Amino acid sequence: MSSLSGPEIAGPEIISLGCRLNIAESETIRALAAGRADMVVVNSCAVTNEAVKQTRAAIRRAAKARPDAQIVVTGCAAQIDPASFAAMPEVARVLGNADKLRAESWASAEPMLVADLSRVVETAPHLAAAFAGHARAFVEVQNGCDHSCTFCIIPTGRGPSRSVPAGLVIDRISRAVELGHREVVLTGVDLTSYGHDLPGQPSLGLLVERILSHVPALPRLRLSSLDSIEIDDRLFELVTGEARVMPHLHLSLQAGNDLILKRMKRRHSRAQSVAIVERLLTARPEIAIGADLIAGFPTEDEAMAADTLALIDDCQIVHAHIFPYSARDGTPAARMPQVPHQLRRERAARLREAAARRRRHWLATQLGQTRDVLVERPGTRGHAPDFADIHFSPAAEPGSIARVRVTAATETHLIGQLA
């Protein structure tokens, strides 16, 4: 059965900005607001000031495209500054991050429902039964964050760290498999903090172990972004020794200089980043490393920037998410001495160039291989277990896993033929 064969739920148009967790929650919203075809929901992001600007622009575009639709704004930007979105003439309602996952919020006509997240002690177990248009299912297992990185506003938008009990996670993944999903992605704001708030304090590794044991029909389990310092022995053994756990780890590294990491209030050092990657690749060489990196963080000089640039090779990063630092109002980093905007952009460009070079080399090493590809719409592209992007012909059924022989490599993706 194709992972796209489950019935799509009629509901609002949803514009999902930001992280994978928002994608997962948008599908829950689609189910909770079923039947509201007259509605546009903007599930906002607030990670930077630029992200907030993009949210406002998305609202205005939606109002112009659908002037008769009711526009509801939710997500992190709405949670942090609800009044400013309620004041926009295009906006009919504002819902906070906890409220958007409650059925009663979508049945209500209240113009603003924004709960105080500091009082929220559990995360909603509303894991969508179907993921319309997605080959893979995104399952939220954790929400919120207890850390205080100096550049990040997300703890304000998401609240304290809280976890979904393993039994509920397993039930939702089992349902996703019954609907035909061949790959599930575990999502969260701070995924590796999973379980500290549950009885017995089960770890993320224990959750993964239980999923693999209790859902034997699930072929592929993928993890979203991890805090490398929190990869314990159990999780390490699973990601390096279990074939059903995809060999693709996205690490929240952020920088490659120890002083900048300290000013970011990160909990790892440069040496620890390099060491965990070396251990991972020694144990399972096919693992592809992804990472978030920030260019031009406040006080960064050229030597510090060079340390981060070198990290791309030192950690063999082939899936790089690179951002020029963007100050977020209300964060400590916004009050630090700022690097000029042009210099941030130049340093980000150097990081992207280095990342592209390493990615080209990595893709070229896969020529002649046959890969198992999760087929995505329209049926002529998909991703291998290591998240290599592969375009192929002839078309295959979206949601299926196809065998593809790699015949060529471009700068960004592979090209192949169905085997």
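These numbers come from the heavy atoms of this one structure, side chains and all, not from hydrogens, waters or symmetry mates. These numbers were taken from a predicted model, which means no experiment stands behind them.
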Chemist: Please check if the number of heavy atoms outside Glu411 that lie under 6.0 Å from its CD is greater than 12.
Modeler: no
Chemist: Any chance the side chains of Arg266 and Ser252 put a donor and an acceptor closer than 3.5 Å?
Modeler: yes
Chemist: Do Leu261 and Gln272 have side-chain heavy atoms sitting under 4.5 Å apart?
Modeler: no
Chemist: In terms of side-chain geometry, is the basic nitrogen of Asp68 or Arg66 positioned less than 4.0 Å from the acidic oxygen of its partner?
Modeler: no
Chemist: Look at Arg263 together with Glu300 and state whether they make a salt bridge at an N to O cut-off of under 4.0 Å.
Modeler: no
Chemist: What I want to find out is whether Asp386 reaches Arg371 closely enough, with some N-O distance under 4.0 Å, to be called a salt bridge.
Modeler: yes
Chemist: Between Arg359 and Asp389, is there a salt bridge with N-O shorter than 4.0 Å?
Modeler: no
Chemist: Heavy-atom count around Glu353 CD within 6.0 Å, excluding the residue itself: above 12?
Modeler: no
Chemist: Hey, are Asp314 and Arg270 close enough for a salt bridge, meaning a charged N less than 4.0 Å from a carboxylate O?
Modeler: yes
Chemist: With a cut-off of 6.0 Å (strictly less than), are more than 12 heavy atoms of other residues, nucleotides or ligands near NE2 of His196?
Modeler: yes
Chemist: Do the two ring centres, one from His321 and one from His250, sit under 6.0 Å apart?
Modeler: yes
Chemist: Cut-off 3.5 Å, side chains only: do Ser26 and Asn43 have a donor facing an acceptor?
Modeler: yes
